[in-house]
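Structure first, commentary second.
Quantities reported herein were computed from a predicted structural model and do not represent experimental measurements.
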Amino acid sequence: MPFYGSKCELDHRDKFVGTWRGPSCDNPSRTDTCIISKWPPNALVVNLVRPGDDISLHATLTGPNTFSIQAQHQNVSFNGSGRLSNDTLYYTLNISVSGSSYPPCEMRLTK
């Protein structure tokens, strides 16, 4: 899935890789940073860096411009999806702690 081109020499993940920034979903006056890197064979590593938090989540490429997130860290569950459109990364992250759900975090980030 991640490779394309006449010789499969191009990787869809490359357009996601980098440092993305945008307003925090829970405090728009604060800026969140999201660092995305590749993870073999067809996944992405999404590092959400926030003041007091540093969360590393694995995401799976679901299409040329889309990904999904399913992760569990101790008693915290994360799931969501994202898409890349016109050099802007949009994603929604649902968080549940010990079975209690929080409002979805919707992010709009640019490089």
Side-chain angles (χ1 to χ4, degrees):
M1 156 53 90
F3 301 103
Y4 67 103
S6 62
K7 298 178 184 173
C8 292
E9 73 279 12
L10 303 171
D11 189 335
H12 286 294
R13 297 176 297 171
D14 289 340
K15 56 190 152 197
F16 290 96
V17 172
T19 301
W20 300 81
R21 292 183 176 83
S24 174
C25 62
D26 60 352
N27 182 352
S29 64
R30 184 179 75 205
T31 298
D32 281 349
T33 301
C34 183
I35 302 167
I36 298 180
S37 56
K38 290 192 275 189
W39 185 264
N42 71 339
L44 299 165
V45 176
V46 179
N47 291 303
L48 178 58
V49 181
R50 305 172 70 180
D53 293 325
D54 188 359
I55 303 167
S56 181
L57 305 171
H58 287 213
T60 302
L61 205 61
T62 56
N65 296 307
T66 57
F67 62 89
S68 66
I69 297 172
Q70 285 286 123
Q72 178 77 30
H73 291 283
Q74 297 174 2
N75 63 337
V76 182
S77 296
F78 301 89
N79 70 65
S81 61
R83 66 182 171 87
L84 185 59
S85 177
N86 298 321
D87 297 325
T88 301
L89 180 68
Y90 300 89
Y91 75 89
T92 301
L93 192 60
N94 300 292
I95 302 169
S96 175
V97 179
S98 298
S100 297
S101 296
Y102 291 86
C105 178
E106 296 183 1
M107 304 288 288
R108 181 177 184 263
L109 309 167
T110 55
K111 284 188 178 179

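Pairing each heavy atom of Cys25 with each of Asp32, the nearest pair is N-OD2, 4.2 Å. A pairwise comparison of heavy atoms in Phe67 and Thr62 identifies N-OG1, 3.5 Å as the closest pair. Heavy-atom minimum distance, Lys15 versus His12: CG-O, 3.1 Å.
Rounding to the nearest 0.5 Å places CG of Asn79 at 4.5 Å from CG of Asn94. Annotation: the span from Arg83 atom CZ to Ser68 atom OG amounts to 15.5 Å, rounded to 0.5 Å. Note that CZ of Phe78 and CG of Leu57 are 5.5 Å apart. Values are rounded to the nearest 0.5 Å.
Leu61 is not listed as a side-chain neighbour of Thr66, based on a closest heavy-atom distance of 4.5 Å or more.
In this view, Ser77 and Gln72 satisfy the side-chain hydrogen bond (donor to acceptor under 3.5 Å, both in side chains) rule, not counting sequence neighbours. Contacts of Asp14 classified as side chain to side chain contact (heavy atoms under 4.5 Å, CB included), with partners at least two apart in sequence or in another chain: Asp11, Lys38. Partners of Ser81 by side-chain hydrogen bond (donor to acceptor under 3.5 Å, both in side chains), not counting sequence neighbours: none found. Partners of Asn75 by side-chain hydrogen bond (donor to acceptor under 3.5 Å, both in side chains), not counting sequence neighbours, listed by chain and number: Ser98. Evaluation of the side-chain hydrogen bond (donor to acceptor under 3.5 Å, both in side chains) rule for Asp87 yields no partner, not counting sequence neighbours.
Asn27 and Ser29 share a side-chain donor-acceptor pair at under 3.5 Å.
The same ILVMFWY cluster, assembled from side-chain heavy atoms under 4.5 Å apart, contains both Ile95 and Tyr91.
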Just distance, no hydrogens or angles: give the donor-acceptor pairs under 3.5 Å from side chains in residues 100-111, sequence neighbours left out.
| from | atom 1 | to | atom 2 | distance (Å) |
| --- | --- | --- | --- | --- |
| Lys111 | NZ | Val17 | O | 2.8 |

Query raised in the report: Could you walk me through whether Phe16 and Leu84 pass the side chain to side chain contact (heavy atoms under 4.5 Å, CB included) check?
Result: CA-CA 7 Å; Phe16 290 96; Leu84 185 59; 3.8 Å; yes
